[in-house]
There are 2 protein chains.
Amino acid sequence: MARSKTEKRDPATSLALLWGEQEPPRRGPRPSLTTARIVVVAIGIADAEGLDAVSMQRVAAELDVTTMALYRYVPGKADLVDLMVDAALGPAAAVADVPGGWRPQLAAWARRSWGLYCRHPWILTATAMRRQAMGPNQLSWLDAALAALAGTGLSAAHRHHTVLLVIGHIRSLAQQRADGDEQADQEWNRLTAELLERHRDRFPALTEAIAAGAFAPPDDDPLDFGLERILDGVAALIERS
Amino acid sequence: MARSKTEKRDPATSLALLWGEQEPPRRGPRPSLTTARIVVVAIGIADAEGLDAVSMQRVAAELDVTTMALYRYVPGKADLVDLMVDAALGPAAAVADVPGGWRPQLAAWARRSWGLYCRHPWILTATAMRRQAMGPNQLSWLDAALAALAGTGLSAAHRHHTVLLVIGHIRSLAQQRADGDEQADQEWNRLTAELLERHRDRFPALTEAIAAGAFAPPDDDPLDFGLERILDGVAALIERS
DNA sequence: ACTCAATTGCTTATGCAGTACACAGTAACT
DNA sequence: AGTTACTGTGTACTGCATAAGCAATTGAGT
C-alpha cells in the first residue's frame, strides 16, 4: 500500500526537529533564518491561501531567500508541514478548571479544538492520510482530553476511543465546512440540486429530507448536535459501568 | 481561501460526466477507450499503490496510450478522481430489509460503508478537503442512510446531521487505520513513544493511559465502540422527542 | 595568528507532475 | 467528394520537490 510521496524521511531526524531536540551549529556563518520563522511564514500563507499555496519556492520567496536555502533548516516539505501543524495547534488549552466534571471539560476541549480547525482549515489536509509525525503540542491536546476523562471510571481503551470519536467529529465538521463555504461552490450545489431533482425517484429519502429543510443553514453551532449525541452516548456508557 | 489547485473546472461539464449525461460522439474515429475503462484502471492503481501513484502518465501507460489521450475522455485529473470515487462506492447497499428498525439498519449501513473504506483507503484522501462533485452513487449512499432514519420522528435536519456524524466516525477510523498499519510506521511509533517517555511529566494523562493499555490493538471491531456511542446518543434523542 | 572543518546561502540541474496546443488521420453526415 | 466532428499523438510549458557542487563565513584547535 501507500504512504504519500516517496517516503524518504528519516524518522529520527524528523522527530528531533519537531521536538526541538537538536544542538545548535558550532561553526559556520550565522544562519539568517530560523526554523520558527520559516514555519510562521508558511502558516501565514496556508491561512491566507490554503495549503496548496505553500510551496518551498513560495515560502522562500516570502523570506527573500532561495528555495534551496530552506533545506538547510528543514529536511523536506513533509517535515515543514509537520512543524506547521504542531505550531498552529499550540499548547493545549487547560480545561481542568472547567467546572462540572468530565462532560463540560471535554465539551470545552472540543470547542477550542474546533476553533483551531476554523482558524487553520488546512490542518485537516495536512494531517489527512499521511504518516504524520506527532509533535509535543499535538500530544498535549491528546493529553488534555484524556485528562478530562480520567475520573470517569472508563477503561483506558474506552477513554482513548472516546477522544478519537470527538476528534473525528470535529474533523468531519471541518471537512464539511471546507466544502460548502465559498461562493464558487454555489454553482456546484445548484447544479447538483438540479441533477438530484431530475433523478428524484432514485433518491426518495434524500429528496424528502431536502424538501423538509435538512440542508438549510443551521442557526445553532454546527458542533453542538454531534457533540451532544456523542457525549450522551458516552454518559450512558459511564452510568452503565 | 483556497480550493485545491487552480480551480479551472467547469461544474456543468464535470457533473454531466459524473452522471453519465453526455451524448456519444456522432462522427470521428471510434474511441479506443472508455471513460469506464480508464476509471477501472485508475482504481486498480489506487488500490494497489495508493492515490499518489495515480498520475495521468501512469494511467495512460497502463492503458498503452499517450498521456494526452486521456484528456479526450476526462477534462482533467480532478474529474478522474471524482469518477473513481463514485465508481468505487458503487450503488448503496439496501438496508431497508434489515430487521429491527432504524438502529440495526443504520449500523448495517455503517458497516458496509466502513468495508468500502477498508477496501479503498484512498477514497478518504480523494474526498478530503477539496470540492468534491457528488455523483449518483454517493448520493445513493446518503439516501440509504436517510431512509433508515425516516421513521424515527427526527427532524430532517437532525436526520441529516446524524448521518454526517456516522460518516465522520467512519472516515475518522479510516484515517487512523491508514496511519498505523504498516511496518514502516513501527519505527515512527517506537521513536515517538521514546520521546513521550522522556517527557512523561508533560503528558501525565497520556502516559497513564498508555501504561493502562489504551493503545493496545483492540480485539473487537474498531467500528463498534464509536458507532454504539453515537447510536446510543441518537436513540436518547429519539426517545426524548 | 593560521589552519581546517563545519556550516552557510546560492547556482545549476534533474525528474515528475498536469495540461495547453496544434497536427494528421478517421469516420459519419451532406 | 467535401465538410465536420472527432480521434490519438508529439511537442512544449509551467510549477513542483530536491539533489549536487561551489564559494564564502565562522569557530575550534594548533
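Everything numeric in this text was worked out from a predicted model, so none of it was measured.
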Mind calculating the distance between [atom1] ([X]) and [atom2] ([N]) to the nearest angstrom?
X       : N      : atom1 : atom2 : value
A:Arg30 : D:dT25 : CZ    : C1'   : 9 Å
A:Tyr71 : D:dA20 : OH    : P     : 13 Å
A:Met56 : C:dC10 : CE    : P     : 14 Å
B:Arg58 : C:dG18 : CZ    : P     : 12 Å
A:Leu63 : C:dG9  : CG    : C1'   : 13 Å
B:Met68 : D:dC13 : CE    : P     : 14 Å
B:Leu80 : C:dA17 : CG    : C1'   : 14 Å
A:Asp52 : C:dA17 : CG    : P     : 17 Å

Just compare [options] and give me whichever is closest to any side-chain atom of [X].
X       : options               : value
A:Ser32 : D:dA24, C:dT19, C:dG9 : C:dG9
A:Arg27 : C:dG18, C:dA6, D:dA20 : C:dA6
B:Thr66 : D:dG8, C:dC10, D:dT18 : D:dG8
B:Pro31 : C:dG9, D:dT25, D:dT7  : D:dT7

- request: Of all the heavy-atom pairs spanning B:Thr67 and B:Gln57, show the shortest one and how long it is.
  value: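 Looking at all heavy atoms of both residues, the shortest contact is OG1-CA, 3.7 Å.
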
For the student: nearest non-hydrogen atoms of B:Val166 and B:Ala110, plus distance: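 Nearest heavy atoms, B:Val166 then B:Ala110: CG1-CB, 3.8 Å.
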
query: Mapping B:Pro24 and B:Ala69 onto DNA chain D by nearest heavy atom, which one lands closer to the 5' end?
result: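 The answer here is B:Pro24.
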
- request: Would you kindly compare A:Gly76 and B:Arg26 by the position of their nearest DNA chain D nucleotide and give the one closer to the 5′ end?
  value: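 Here B:Arg26 is the residue nearer the 5' end.
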
query: Hey, are B:Glu21 and A:His199 close enough side-chain-wise for a donor-acceptor pair under 3.5 Å?
result: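 Result is yes, a qualifying pair exists.
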
- prompt: With distance as the sole criterion, do the side chain of A:Arg72 and the base of C:dG9 form a donor-acceptor contact below 3.5 Å?
  reply: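 By the distance-only test, yes, there is a pair.
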
query: Looking only at N and O atoms, is any donor in the side chain of A:Gln57 or the base of D:dG15 less than 3.5 Å from an acceptor on the other one?
result: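 There is none.
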
Looking only at side-chain N and O atoms, does [X] come under 4.0 Å of OP1 or OP2 in [N]?
X       : N      : value
A:Tyr73 : C:dG9  : yes
B:Ser55 : C:dA17 : yes
A:Thr67 : D:dA17 : no

N-O pairing of B:Arg9 and B:Asp82 below 4.0 Å: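 Salt bridge present between B:Arg9 and B:Asp82.
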
- prompt: Charged N to carboxylate O under 4.0 angstrom, A:Asp47 versus A:Arg119?
  reply: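 Judged by the 4.0 Å cut-off on N to carboxylate O distance, A:Asp47 and A:Arg119 do not form a salt bridge.
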
